[in-house]
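Report on the following structure.
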There are 2 protein chains.
Amino acid sequence: MPPKPTVHKLGDLQLQIMKVLWTNTEASVPEVHKALAEETELAYTTIATMLRKMEVKGLVKHRVEDRKFIYKPLVKEQEVSEKMSAHFVDRLFEGSLADMVSHLLSTHEVSREELVKIEKMVAARKKKL
Amino acid sequence: MPPKPTVHKLGDLQLQIMKVLWTNTEASVPEVHKALAEETELAYTTIATMLRKMEVKGLVKHRVEDRKFIYKPLVKEQEVSEKMSAHFVDRLFEGSLADMVSHLLSTHEVSREELVKIEKMVAARKKKL
DNA sequence: GAGGTAATACTACTTAGGTAATAGTGTAAA
DNA sequence: TTTACACTATTACCTAAGTAGTATTACCTC
């Protein structure tokens, strides 16, 4: 098994699959397929193949139970979000979080509630310095 | 020429190249190559090939001048950042800017200055609602 | 025990990004 | 006028993601 999967560049489908696994802690192929069916129209075998590839890559592992493959994540959601975010901020905003937020604020739809939430988080973070 | 390049998923190299073009408003292949030489060790032809591919994709166009290809961006930096950010926030945080910021704040190194900057931006944004 | 059903196994193909070697060409210098 | 230089053109590979068809297997039901 490969030790360190390069977790900062997961494809869209892989990420969707991971999200299902994170939410359910584990899932069989049919379960993943069903969970994604609402968003996309993918063949059953597509999911199965992808999971197999993801296992080779070290993102998930499986055990057999009841003639079914039960897949479990091998990487934490926290870690993936972290790596992906860091990579993204680096790539696009040279690592400046402020630039990123600035950009998002000026282009993204944001509700007052979200703004308040952000303010609170920033304030809290400031105290920790 | 393709009308709408899918601007929300540029590869790393393509983005680096675009950044050079945006900064210089336009650039020849040697110029791009030189600009990127500080960050990576890429063959001259790699840059040339990539620019050709990017032209096919509709990201850039070129004119000939003095026997050289001068490439110009066909998409604005603003637009690319916007699309890429939106896609990213959607993919990873189900579109919630607050979740994204929360995550970044808790995992990313942030200086006091950055926090202050963000606070100001949020406050300014709130007034616009 | 025959057959249907639900899984997995295998194989294959397409596309895009990335990387680069080699071949060709035209201009300027010697 | 020959050659070297600086570009572009052509071609080729590799990898990863995504997508899925076909083959196989095993179990369950009648």
Side-chain angles (χ1 to χ4, degrees), chain A residues 2 4-20 26-37 39-72 75 80 83-84 87-88 91, chain B residues 2 4-20 26-37 39-71 80 83-84 87-88 91:
Chain A
K4 294 167 210 147
T6 51
V7 106
H8 68 284
K9 42 165 115 179
L10 292 194
D12 284 5
L13 180 55
Q14 300 192 0
L15 192 56
Q16 280 180 292
I17 292 176
M18 287 310 293
K19 274 179 184 285
V20 175
E26 60 177 31
S28 65
V29 182
E31 279 166 357
V32 175
H33 183 236
K34 208 152 289 171
L36 294 185
E39 317 176 35
T40 37
E41 285 287 333
L42 290 174
Y44 180 89
T45 51
T46 299
I47 307 295
T49 304
M50 203 40 149
L51 276 165
R52 202 118 6 88
K53 289 189 177 186
M54 288 163 74
E55 181 154 30
V56 172
K57 222 175 117 180
L59 290 172
V60 301
K61 70 178 174 186
H62 82 276
R63 69 172 192 283
V64 180
E65 190 171 290
D66 215 13
R67 211 70 229 149
K68 262 180 235 167
F69 277 23
I70 313 286
Y71 283 95
K72 237 190 177 119
V75 290
V80 172
K83 295 277 169 58
M84 288 187 71
H87 184 67
F88 186 76
R91 238 155 83 76
Chain B
K4 291 167 214 149
T6 51
V7 108
H8 68 283
K9 42 166 115 178
L10 292 194
D12 284 5
L13 179 56
Q14 299 191 1
L15 191 55
Q16 279 180 293
I17 292 176
M18 286 311 291
K19 274 178 184 283
V20 175
E26 58 177 32
S28 63
V29 181
E31 279 166 355
V32 175
H33 183 236
K34 206 152 293 171
L36 294 186
E39 317 177 36
T40 37
E41 287 286 334
L42 289 174
Y44 181 88
T45 51
T46 299
I47 307 296
T49 304
M50 200 38 123
L51 276 164
R52 202 119 5 85
K53 288 189 177 183
M54 287 164 73
E55 181 153 30
V56 170
K57 220 173 119 181
L59 290 173
V60 301
K61 70 178 174 184
H62 82 277
R63 68 174 193 281
V64 180
E65 189 171 290
D66 215 12
R67 212 69 230 147
K68 261 179 239 171
F69 278 22
I70 313 286
Y71 283 94
V80 173
K83 295 276 169 57
M84 288 187 71
H87 183 66
F88 186 76
R91 235 156 85 76

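In what follows, every chain begins at residue 1, and chains take the letters A, B, ... in the order their sequences are listed.
- On the nucleic acid side, DNA chain D has its first and last nucleotide under 4.0 Å of a heavy atom of chain B at D:dC7 to D:dT10, going 5' to 3'.
- Under the side chain to side chain contact (heavy atoms under 4.5 Å, CB included) criterion, A:E41 pairs with no residue, sequence neighbours left out.
- Two residues, A:K9 and A:E41, neighbour DNA chain D, and the one matched to the more 5' nucleotide by heavy-atom proximity is A:K9.
- The two residues A:V7 and A:M84 make their nearest non-hydrogen contact at O-CG, 3.6 Å.
- Looking at residues two or more places apart in sequence or on another chain, you find no side chain to side chain donor-acceptor pair (under 3.5 Å) involving B:R52.
- Here A:E39 pairs with A:Q16 under the side chain to side chain donor-acceptor pair (under 3.5 Å) rule; sequence neighbours left out.
- B:K83 places none of its side-chain heavy atoms less than 4.5 Å from the side chain of B:H87.
- Boundaries of the chain A contact region on DNA chain C are C:dA7 to C:dC10, first to last in 5' to 3' order (nucleotide atom under 4.0 Å from a heavy atom).
- A:K72 is linked by a salt bridge (Lys or Arg N to Asp or Glu O under 4.0 Å) to A:E26, counting only residues two or more places apart in sequence or in another chain.
- If you check residues 63-70 of chain A against DNA chain C, the residues with a heavy atom closer than 4.0 Å are A:R67, A:K68, A:F69, listed by number.
- At its two ends the helix from C:dG1-D:dC30 to C:dA30-D:dT1 runs along axes set 20° apart, each axis drawn from five pairs and the angle rounded to 10°.
- Listed by chain and number, the residues in a side chain to side chain contact (heavy atoms under 4.5 Å, CB included) with B:T46 are B:L13, B:L42, B:A43 (sequence neighbours excluded).
- B:V60 and B:L51 get closest at one heavy-atom pair: CG2-O, 3.9 Å.
- Within a heavy-atom distance below 4.0 Å of DNA chain C, the residues of residues 42-50 of chain B found are B:L42, B:A43, B:T45, B:T46, B:T49, B:M50.
- The shortest non-hydrogen separation linking A:S28 to A:K68 is CB-CD, 4.2 Å.
- For the side chain to side chain donor-acceptor pair (under 3.5 Å) test, residues two or more places apart in sequence or in another chain that qualify with A:Q14 are A:K57.
- Here B:K53 lies in heavy-atom contact (under 4.0 Å) with a base.
- Listed here is the closest heavy atom pair of B:G58 and B:P5: O-CG, 3.5 Å.
- Closest approach of A:R91 to B:L10, counting heavy atoms only: NH2-O, 2.9 Å.
- Partners of A:H62 under the side chain to side chain donor-acceptor pair (under 3.5 Å) rule, at least two apart in sequence or in another chain, are A:E55.
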